[in-house]
Amino acid sequence: MLELRLVQGSLLKKVIEAIKDLVTDANFDCSATGLSLQAMDSSHVALVALLLRSEGFEHYRCDRNMSMGMNLNNMSKMLKCAGNDDIITIKGDDGGDTITFMFESPNQDKISDFEMKLMDIDSEHLGIPEAEYHAVVKMPSSEFSRICKDLSSIGDTVVISVSKEGVKFTTRGDIGAANIVCRQNKTVDKPDEATIIEMNEPVSLTFALRYLNSFTKATSLSESVTISLSSDLPVVIEYKIADMGYIRFYLAPKIEDDEEEIKS
Amino acid sequence: MLELRLVQGSLLKKVIEAIKDLVTDANFDCSATGLSLQAMDSSHVALVALLLRSEGFEHYRCDRNMSMGMNLNNMSKMLKCAGNDDIITIKGDDGGDTITFMFESPNQDKISDFEMKLMDIDSEHLGIPEAEYHAVVKMPSSEFSRICKDLSSIGDTVVISVSKEGVKFTTRGDIGAANIVCRQNKTVDKPDEATIIEMNEPVSLTFALRYLNSFTKATSLSESVTISLSSDLPVVIEYKIADMGYIRFYLAPKIEDDEEEIKS
Amino acid sequence: MLELRLVQGSLLKKVIEAIKDLVTDANFDCSATGLSLQAMDSSHVALVALLLRSEGFEHYRCDRNMSMGMNLNNMSKMLKCAGNDDIITIKGDDGGDTITFMFESPNQDKISDFEMKLMDIDSEHLGIPEAEYHAVVKMPSSEFSRICKDLSSIGDTVVISVSKEGVKFTTRGDIGAANIVCRQNKTVDKPDEATIIEMNEPVSLTFALRYLNSFTKATSLSESVTISLSSDLPVVIEYKIADMGYIRFYLAPKIEDDEEEIKS
């Protein structure tokens with residue numbers, strides 16, 4: 001039997017909104033340690049990994065490991081019916097073919113339960129090794145979102161280059177070219193507004209803006225975002241989820257010839 | 001001659017927005033007691049009845065009874081040109097084929113008059129007898145609107161069931177099923193936020209959500225809505241209009257076999 | 001060499017939004033006195049004239065006169081990437097085929113530069129003689145915008161008539177007719193909220209609402225608008241730009257037979 005009670009139900013609403021455009025169907029894996037998900041996007045280019053640790057729930061009961069296949073669009077329709085201040089409880093029976101979302105309004109006036117059919121989804125769980133990255137950039141998530149959106153009006157890809165002074169985002173398109181430089185800045189009022197660069201060696205990688213823009217749907221989950229770059233690894237874009245866990249997006253860089261990279 | 005001066009002109013704007021999607025053309029009946037309207041929707045399933053009593057107008061002159069056929073879409077276009085704080089005066093001549101809406105801005109800087117052509121509309125006035133209802137539910141109008149909208153993302157019809165403890169809204173669709181229970185709650189700060197159940201006998205009726213969602217366009221007119229249910233009568237959804245009158249929507253329940261009703 | 005630094009960068013953003021729907025491509029003329037533009041709309045019915053005087057820039061360097069052809073839609077895409085509080089610097093080389101927009105965030109954390117290709121655009125500069133007008137109306141720009149928008153829901157053209165008491169806007173369409181009168185009003189808290197009529201002789205002219213609605217895209221640039229009317233001249237609709245200059249729109253009146261004008 002499964003019963004997960006999340007006081008800050010809006011977190012679950014935001015998590016699903018953050019990934020439903022990237023992933024249509026996915027298995028939610030529930031174990032004693034928490035609720036997790038790992039899925040590729042439909043074009044098998046990007047990977048999303050979600051973790052909500054059991055400690056983050058007010059009540060967490062998971063008698064045995066369960067993998068529950070859900071259509072994220074349907075799940076989104078149901079969670080949109082929860083108020084932003086509602087407590088959300090996820091309930092399921094071992095081996096059942098449905099799951100129930102219960103929403104309780106703060107003053108307990110209104111109790112809703114939504115029952116959703118589960119699906120069988122084939123998936124293989126990829127092991128993602130911990131890695132050392134050439135550079136790790138922590139910056140305000142709204143700033144990163146704004147930059148990806150702005151550059152999309154000029155070009156299709158972005159070169160992200162990290163040096164000690166800052167991180168540079170470069171694109172080029174039919175109407176011209178654009179460079180945006182964000183400087184390291186630790187002297188801000190709130191820690192989440194800082195831009196912090198940790199760099200072992202300079203790195204410059206090219207990504208499709210389409211995917212980055214999809215990842216930034218998670219912006220409302222966290223004030224800051226962490227971008228981990230290495231020349232031989234997929235980039236990791238991580239949004240922390242309060243004290244509970246994270247959403248991580250992985251995306252392989254595009255290979256371009258050196259001359260092109262120097263030009264841009 | 002007709003001259004009706006309404007200081008809170010935004011009420012008239014809201015009234016038209018509330019019914020124009022349901023009813024295209026309708027006769028406004030003006031008599032010494034007030035301005036009223038009764039019309040079926042185009043599919044002849046729902047009925048709307050409007051009353052604005054003469055006492056609610058700052059100035060009310062109606063020399064003899066008039067029935068004025070108006071296209072509600074055109075009327076809406078004109079009333080949208082009135083500011084929300086404008087005073088609206090409706091003027092007409094006996095037997096004239098036009099009506100004039102005059103808008104005065106609060107500081108009298110700006111005076112507008114919009115002349116609209118009247119139409120001949122066949123209509124028969126239905127007598128609606130006062131009836132005893134099995135159950136009457138008064139609840140916040142925004143809550144009722146939210147529930148109808150939320151359930152529409154799951155199913156096409158809703159079963160409304162009233163018991164002493166509360167009112168339950170149930171739907172079922174391809175992606176799953178939903179139950180929303182609102183408990184009786186009289187201990188609130190504002191009377192309009194209360195949920196109050198008056199029940200003579202339990203009742204459970206099925207309605208098309210499409211119509212209910214159309215009725216909730218009247219939500220901005222009143223903080224609370226009253227739902228009167230009987231197993232052998234159309235439901236009445238009433239929104240009070242300040243001290244002036246009301247909009248009432250009537251909708252016949254859908255007939256379903258008993259087993260289906262028990263299941264949902 | 002050209003280098004124009006504008007501290008209130010949002011002004012440039014608003015200027016481009018105000019004219020880009022009317023004019024697709026235009027030459028920006030840069031001289032020692034300022035940055036200016038003059039262009040006809042694509043149907044050669046309306047003319048827009050822009051002036052941003054050099055004194056309005058924090059830094060203004062223009063070594064020799066330059067005429068720079070720009071696609072306003074592309075320019076808009078780039079300027080939308082500037083924050084509303086950003087400082088914008090326009091940079092160009094003599095005879096170069098690109099121009100650079102540099103955006104600096106207020107705290108200098110983020111520096112962007114956008115390079116746009118210039119175009120060759122044929123244009124002849126029209127001399128616009130200073131003229132005496134029969135009537136000049138100054139009114140709140142938001143009120144003028146609201147009136148043009150409101151009347152568009154009724155008719156296609158507007159008759160603007162000025163008398164000592166006020167300015168009247170009249171339209172007529174299939175669903176009826178509308179008159180809006182704004183009275184002279186100098187006794188307001190803020191000068192920009194005044195409606196002031198200066199009249200040498202009464203005037204009544206007809207204009208296409210489509211163009212007026214396009215001009216009102218400049219509403220965010222100025223709290224008030226000035227409308228200068230003469231029976232034998234195009235109307236001038238002017239929005240002042242802070243202490244820097246103006247946008248002026250010129251539109252020829254529509255010729256209608258006298259009877260039609262009297263009727264409306």
Side-chain angles (χ1 to χ4, degrees), chain A residues 137-156 158-197 209 212-213 216 223-225 227 263-264, chain C residues 2-3 9-10 12-14 16-17 19-21 23-28 68-93 96-121:
Chain A
V137 176
K138 183 169 174 291
M139 63 186 292
S141 59
S142 58
E143 194 60 79
F144 179 63
S145 172
R146 173 82 201 260
I147 290 169
C148 293
K149 183 173 149 286
D150 281 349
L151 294 185
S152 303
S153 65
I154 312 293
D156 296 326
V158 60
V159 181
I160 305 181
S161 314
V162 182
S163 68
K164 283 212 164 115
E165 286 69 39
V167 52
K168 184 166 80 164
F169 301 87
T170 304
T171 194
R172 180 176 292 276
D174 290 342
I175 68 169
N179 281 295
I180 300 177
V181 175
C182 294
R183 294 180 183 156
Q184 166 138 299
N185 180 1
K186 299 179 175 179
T187 59
V188 288
D189 292 346
K190 296 188 228 162
D192 283 337
E193 289 171 359
T195 299
I196 297 167
I197 317 268
L209 279 164
L212 298 188
N213 274 311
T216 62
E223 296 286 320
S224 67
V225 61
I227 307 162
K263 231 175 62 188
S264 48
Chain C
L2 180 80
E3 196 171 302
S10 60
L12 192 63
K13 290 167 62 104
K14 288 179 186 171
I16 300 308
E17 292 312 299
I19 61 179
K20 83 178 164 72
D21 288 344
V23 176
T24 316
D25 302 311
N27 283 316
F28 282 77
M68 301 170 291
M70 304 198 201
N71 176 285
L72 294 191
N73 207 35
N74 293 347
M75 195 175 169
S76 161
K77 280 183 186 172
M78 292 191 168
L79 291 177
K80 277 188 178 158
C81 301
N84 281 327
D85 300 324
D86 282 4
I87 298 166
I88 298 183
T89 305
I90 305 175
K91 293 181 192 177
D93 290 322
D97 62 350
T98 62
I99 195 158
T100 297
F101 301 104
M102 188 174 81
F103 312 140
E104 297 165 70
S105 68
N107 63 3
Q108 300 287 326
D109 268 12
K110 181 180 167 190
I111 312 286
S112 312
D113 50 274
F114 284 72
E115 190 183 275
M116 191 175 79
K117 291 170 188 156
L118 294 176
M119 318 166 62
D120 278 324
I121 300 171

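Quick note on labels: first sequence line is chain A, next is B, and so on, each numbered from 1.
Open room surrounds CG on A/Asp156; 12 or fewer heavy atoms of other groups in view lie less than 6.0 Å from it. Around atom CD of C/Glu17, more than 12 heavy atoms belonging to other residues, nucleotides or ligands sit under 6.0 Å away.
Of all the listed residues (C/Met116, C/Met78, C/Met102, C/Met75), the one sharing the greatest number of non-hydrogen pairs under 4.5 Å with chain A is C/Met78.
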- Query: Hey, mind stepping through A/Asn179 and C/Glu115 against side chain to side chain contact (heavy atoms under 4.5 Å, CB included) and telling me if it holds?
  - Reply: CA-CA 9 Å; A/Asn179 281 295; C/Glu115 190 183 275; over 6 Å; no
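Rounding to the nearest 0.5 Å gives a distance of 9.0 Å between CZ of C/Phe114 and OG1 of A/Thr171. Atoms CG and CD1, on C/Asp113 and A/Ile180 in that order, are 9.0 Å from each other to the nearest 0.5 Å. In this structure, CG on C/Asn74 lies 8.0 Å from CD1 on A/Ile154, to the nearest 0.5 angstrom.
The shortest heavy-atom contact between C/Lys117 and A/Asp174 is NZ-O, 3.2 Å.
Using a 4.5 Å cut-off between heavy atoms, A/Ile175 touches chain C through backbone and side chain atoms alike. The part of C/Asn107 that comes within reach of chain A is its side chain, from C-beta onward, which places non-hydrogen atoms under 4.5 angstrom from that chain. Residue contact with chain C, scored on non-hydrogen atoms closer than 4.5 Å, involves the side chain of A/Glu143 exclusively.
No side-chain heavy atom of C/Lys110 sits under 4.5 Å from any side-chain heavy atom of A/Met139.
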